[in-house]
Engineer: 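To start, I am sharing the structure in question, which I have written as structure tokens.
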Number of protein chains: 2
Amino acid sequence: MDRLYTVTELAAELGVTPRTIRFYEVKGLLSPKRAGTTRVYNHRDLARMYLILRGKRLGFSLADIKEYLDLYGADTSQVEQIHLLLGKVRHRLGDLELQRRELEETLSELREIERQAVAALKEKTGQA
Amino acid sequence: MDRLYTVTELAAELGVTPRTIRFYEVKGLLSPKRAGTTRVYNHRDLARMYLILRGKRLGFSLADIKEYLDLYGADTSQVEQIHLLLGKVRHRLGDLELQRRELEETLSELREIERQAVAALKEKTGQA
DNA sequence: CTGAAGGATGACGTATACGTCAATCATCAT
DNA sequence: ATGATGATTGACGTATACGTCATCCTTCAG
């Protein structure tokens, strides 16, 4: 149905403040249509915001995220452009795969701590 | 061999600045011994720094990381303490597992973009 | 027509995570 | 003894990512 949103509505939808959304626009991450001076967001803007927020949860800076967003719908009209895109995509894939490895390590360490805590608990509570 | 380090040496070892390491101390993430007024770091401090830096790469704040570090070697002398620890560990495990899911999503999206780019390239370069 | 609600644009403030610089102090070789 | 080297403690500066007004416009119900 291609709903339209004001900043406030979009913000409410996403659990952020309007200020945040306007800030992202200043930073070049969004560029909504305008009805006069009023910002009007559509489903594409909403989708973009989801990507941005996920990027943030993954610990990326807005600058990183901007580059990442530019990978979607990049210009592939010229072979040169595609090569450039591939380079960037693969670089980012490398970053993410490193992050995943580190995440896995951290997860196992925490699980080990959990295991030890559970064991200690069993002992203390006399469940020999 | 239990080497000892000055701030500068430890910083060089880790690829950060001495300022960073001192800053972490102010924030309560490290507390090296002193020889007079001079900070002296050992292998445990080095290991702690590795954990801190990994935490940063995963996008956590220093405050988060401090809490995380406190999970290692937490006081498990009392059942109550263990329960508290388990709660914190499991909370953090939840966070990390969410992050992993989001990371996987992002990875597949990037791989899809990569796939499309490669396909477009094949077409353009006439490799029908 | 008018006033209240909502949106826009600055401008300034704040927390985090350091960088940079100055002044001081301790130590070690010559 | 001394001066260069390296460490310490402030204090201030900076980039990122917003929060918080204040002020101004527009619009729309009554």
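First the proteins, then the strands, lettered A, B, ... as listed; each starts at 1. What you are looking at is a predicted structure, and each value in this text was computed from that prediction instead of being measured.
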Engineer: Taking it one step at a time, do A/Phe60 and A/Arg92 satisfy side chain to side chain contact (heavy atoms under 4.5 Å, CB included)?
Structural biologist: CA-CA 11 Å; A/Phe60 294 105; A/Arg92 207 139 259 289; 3.9 Å; yes

Engineer: Taking any atom under 4.0 angstrom from a heavy atom of chain A, which nucleotides of DNA chain C are the first and last to qualify, 5' to 3'?
Structural biologist: C/dG7 to C/dT9

Engineer: Is there a side chain to side chain contact (heavy atoms under 4.5 Å, CB included) between A/Val7 and A/Tyr41 once you walk through the steps?
Structural biologist: CA-CA 7 Å; A/Val7 228; A/Tyr41 300 87; 3.6 Å; yes

Engineer: Please list residues of residues 8-37 of chain B whose heavy atoms come under 4.0 Å from any atom in DNA chain D, ordered by number; otherwise none.
Structural biologist: B/Thr8, B/Arg22, B/Arg34, B/Thr37

Engineer: Looking at B/Arg48 and B/Leu29, would you say the former's side chain and the latter's main chain have a donor-acceptor pair under 3.5 Å?
Structural biologist: yes

Engineer: Has the side chain of B/Thr125 got a donor or acceptor atom that lies under 3.5 Å from a matching backbone atom of B/Leu121?
Structural biologist: yes

Engineer: Side chain to side chain donor-acceptor pair (under 3.5 Å) for B/Tyr68 and A/Glu109? Distances and angles first, verdict last.
Structural biologist: CA-CA 11 Å; B/Tyr68 170 68; A/Glu109 286 169 20; 3.2 Å; yes

Engineer: If we ignore hydrogens and angles and just use 3.5 Å, is the side chain of A/Ser108 paired with the main-chain N or O of A/Glu104 as donor and acceptor?
Structural biologist: yes

Engineer: Can you name the residues that form a side chain to side chain donor-acceptor pair (under 3.5 Å) with B/Asp75, not counting sequence neighbours?
Structural biologist: B/Ser77

